[in-house]
Amino acid sequence: MKYTVLLLRPDYASDTFGQDTYLSHVNATTATGAIGLAQREACVQDDNETPADYFPLVVFAGHLDDLSED
C-alpha cells in the first residue's frame, strides 16, 4: 500500500527546529512499517544514523503531493 509520511527532523539535523520536516512517499504493508521506512530514508538523506530521532507527525494512505511549493 502507498503511504505519505511527514516527519519532524531532530534539532541537530534542522535549521529551524519545529519547522523543518521531511515528506516521504513509501510503499509498505502497514502505517507503522511506512513510518519506519520513511525514518530510514530521512536518515540517508540527512547522513544520520538514528531513525527514531525523526518524529512522525502524520501518516496518510496514498501518495499525496505537497502543493505548498507551487
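We use all heavy atoms of the structure for the numbers below, so side chains are in, but hydrogens, waters and symmetry mates are not.
Looking at T30, its side chain does come within 3.5 Å of a backbone N or O of G33 through a donor-acceptor pair. Using a distance-only test at 3.5 Å, with no hydrogens or angles considered, a donor-acceptor pair links the side chain of H25 to the main chain of L64. The main-chain N or O of T50 is found under 3.5 Å from a side-chain atom of N48 such that the two form a donor-acceptor pair.
Between the CG atom in L8 and the CD atom in Q19 there is a gap of 10.0 Å [rounded to 0.5 Å].
Looking at F60 and L6, their side chains never come closer than 4.5 Å, going by heavy atoms from C-beta outward.
For S24, the side chain to side chain donor-acceptor pair (under 3.5 Å) partners at least two apart in sequence or on another chain are E41. For D46, the salt bridge (Lys or Arg N to Asp or Glu O under 4.0 Å) criterion is met by R9, not counting sequence neighbours.
Residues M1, V5, L7, Y22, V26, I35, L37, Y54, V59 make up the rest of the hydrophobic cluster containing Y3, defined by ILVMFWY side-chain heavy atoms closer than 4.5 Å, directly or through other members.
Across A13 and D20, no two heavy atoms sit closer than the pair O-OD2, 4.0 Å.
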